[in-house]
Amino acid sequence: MKIVLAIALLICGTASAQKSISPLESLFNEVTPKVVEWRRYFHEYPELGNREFNTSNKVEETLQRLGISTKKIAKTGIVAVLKGGKPGPVVALRADMDGLPVEERNGLSFASKAKGEYNGATVPVMHACGHDSHIAMLLGAAEVLSKIKNEISGTVVFLFQPAEEGPPGDEEGGAALMIKEGAMDNPKVDAVFGIHINSKYDLGKIYYKPGATMASSDWFTIKVKGKQSHGAYPWNSIDPIVVSAEIVQALQTIVSRNIDITQAPVVVSVGRIQSGVRANIIPEEAMMEGTIRTLDGQVQKTVHEKIKLIAQKIAEANGTTAEVMIDTKTLVTYSDPVLVAQSLSSLQKAAGGSDNVQLTNWVTGAEDFSYFGTKAPSFFFFLGARDPKYPSFSTAPDHHTPGFMINDTRLDVGVKAFVHLVLDYAKTTKK
Ligand SMILES: [Zn+2]
Ligand SMILES: [Zn+2]
């Protein structure tokens, strides 16, 4: 009896819910299972940066089936343009598509078994940063927007970007190459939005920060010239290992003694040191590599100058020289405060209320989405996807690790965010 009553209630409840559903909501409901399916497909078959051949073809086929015109760009990238039925601004939405040389060990039924080539070696490949979900959410938004295109004021540009994690070797790639090849110019983009999934943030919630959001990333190399000698007669040498040790120590004072860290965080890390071949030989040279993260362009410049000064002067004090090379990988990812303010209500609609859209701290990770921000006002935000089996932020596996995993049951929030941002931007920005 109780069971019959429960079923009757369930049927009535479903019927009344269906009556109140808007056409947009039913489009979201229709696309959500496809988004999960796409995400799992891309997860199982990841490809490394600038090698996203299958991914790119699959994305292009899907967009063309929706009647959206596509163009290959920046090697394996795609720019797709959907013209709305009414005049209005041009909004770009971006998803990155590359996987990483990481071996997947998380027990998922659709875990990757893919291999790729990296630095001349065969390596396992995994979507260990969640870019699979970015592709799927943007395809979901493309499907919904294509079905309501007559209602759209303006144009939507879909940017499917290769090699966000950095192109291999000396190759060009990523957002910078897409921009160089005109991705933001034809049509000229008025605002650009991007989402990053996060394995640690609360499932289904959106996190954002106006202004500097993610750090710039520079890589540096320091080569210390030494003078080789027998390890038993060090007075005949200039020991590049000892000089390097002094440099590593002194580099720590850039952050701790030179930069006003109350303004924004700064990181200077040495990640690699290489020198010597044998215990009883003082080598001729030492080399170290590291990364710099800053959240302000001026601070970035100061850190560069300090690294050069410290390395060169310590080398000089030891009677030798040090060569410093700094390579800028990404800029500061900046979310335009005006665009953020006008976009918050769209995100709240997507996430189901203001409690589900939260301010977050600076992130010292970096994003090459930052390059798109040099061409138009930009807003980059995060979607939480921590699997409920991990009770807290700190217990969930990190991005770029073998255990990395996201829960894909709330990817609809990302799809809705993209769609609402497009529709609402046109309302607030008349053209
Ligand atoms: Zn990423
Ligand atoms: Zn990453």
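In this structure, Q274 places its CD atom where only 12 or fewer heavy-atom neighbours from other residues, nucleotides or ligands lie under 6.0 Å away. More than 12 heavy atoms of other residues, nucleotides or ligands sit less than 6.0 Å from atom NZ of K34. Few gaps surround CG on L108; more than 12 heavy atoms of other groups in view lie less than 6.0 Å from it. Around the NZ atom of K147, the shell of radius 6.0 Å holds more than 12 heavy atoms that belong to other residues, nucleotides or ligands. No more than 12 heavy atoms of other residues, nucleotides or ligands sit less than 6.0 Å from atom NZ of K83.
Salt bridge K308/E305: absent, no basic N to carboxylate O contact under 4.0 Å. Note on R272 versus E289: salt bridge recorded, some NZ/NE/NH1/NH2 to OD/OE distance being below 4.0 Å. A salt bridge links K427 to D424: one of the charged nitrogens lies within less than 4.0 Å of a carboxylate oxygen. Ionic pairing of D132 and R40 is not present here: no N-O contact between side-chain nitrogen and carboxylate oxygen is shorter than 4.0 angstrom. In summary, K301 and D296 do not engage in a salt bridge, as defined by a charged side-chain N under 4.0 Å from a carboxylate O. Electrostatic pairing of D218 and K329 does not count as a salt bridge here, judged by no charged N lying under 4.0 Å from a carboxylate O. Ion pair E52/K75 not flagged as a salt bridge, since none of the NZ, NE, NH1 or NH2 atoms sits closer than 4.0 Å to an Asp/Glu carboxylate oxygen. Salt bridge annotation for R39-E44: absent, with no cationic side-chain nitrogen under 4.0 angstrom from a carboxylate oxygen. A salt bridge between E103 and R105 is present, with a side-chain N of the basic residue lying under 4.0 Å from a carboxylate O of the acidic one. Salt-bridge check for E284 with K227: failed, with every basic side-chain N at 4.0 Å or more from each acidic carboxylate O.
For the pairing with L159, the side-chain contact (heavy atoms from CB on, under 4.5 Å) check across I73, V79, D96 returns one residue only, V79.
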Self-check item: Stepwise ring-ring contact (aromatic ring centres under 6.0 Å, His included) check, H399 with H196
Solution: CA-CA 11 Å; H399 287 235; H196 207 301; 5.6 Å; yes
Practice problem: List the steps and the verdict of salt bridge (Lys or Arg N to Asp or Glu O under 4.0 Å) for K58 and E61. | Solution: CA-CA 5 Å; K58 178 103 178 156; E61 276 164 34; 5.8 Å; no
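The two residues T55 and E47 come nearest to each other via the heavy atoms OG1-OE1, 2.6 Å.
At distances below 3.5 Å, at least one donor-acceptor pair connects side-chain atoms of N106 with backbone N or O atoms of F404.
When the side chain to side chain donor-acceptor pair (under 3.5 Å) test is applied to T155, no partner is found at least two apart in sequence or on another chain. Scored by the ring-ring contact (aromatic ring centres under 6.0 Å, His included) test, Y201 finds Y207, F393 as partners (sequence neighbours excluded). With sequence neighbours excluded, no residue forms a ring-ring contact (aromatic ring centres under 6.0 Å, His included) with F160. Q249 meets the side chain to side chain donor-acceptor pair (under 3.5 Å) test with no other residue; sequence neighbours excluded.
In this structure, CG on L347 lies 4.5 Å from CD1 on I206, to the nearest 0.5 angstrom. One distance of note links OG1 of T122 with CG of N119; it measures 12.0 Å at 0.5 Å rounding.
Applying the ring pair (Phe, Tyr, Trp, His ring centres under 6.0 Å) test to residues at least two apart or on different chains, the pairs with a partner in residues 102-121 are H43-F110. For the ring pair (Phe, Tyr, Trp, His ring centres under 6.0 Å) condition, no pair includes a residue of residues 293-337, sequence neighbours left out.
Annotation: F28 is in aromatic contact with H420 [ring centroid separation under 6.0 Å]. Taking the six-membered ring for Trp, F369 and Y371 have ring centres at least 6.0 Å apart.
The aromatic rings of Y45 and Y41 sit tilted, their planes meeting at an angle between 30° and 60°.
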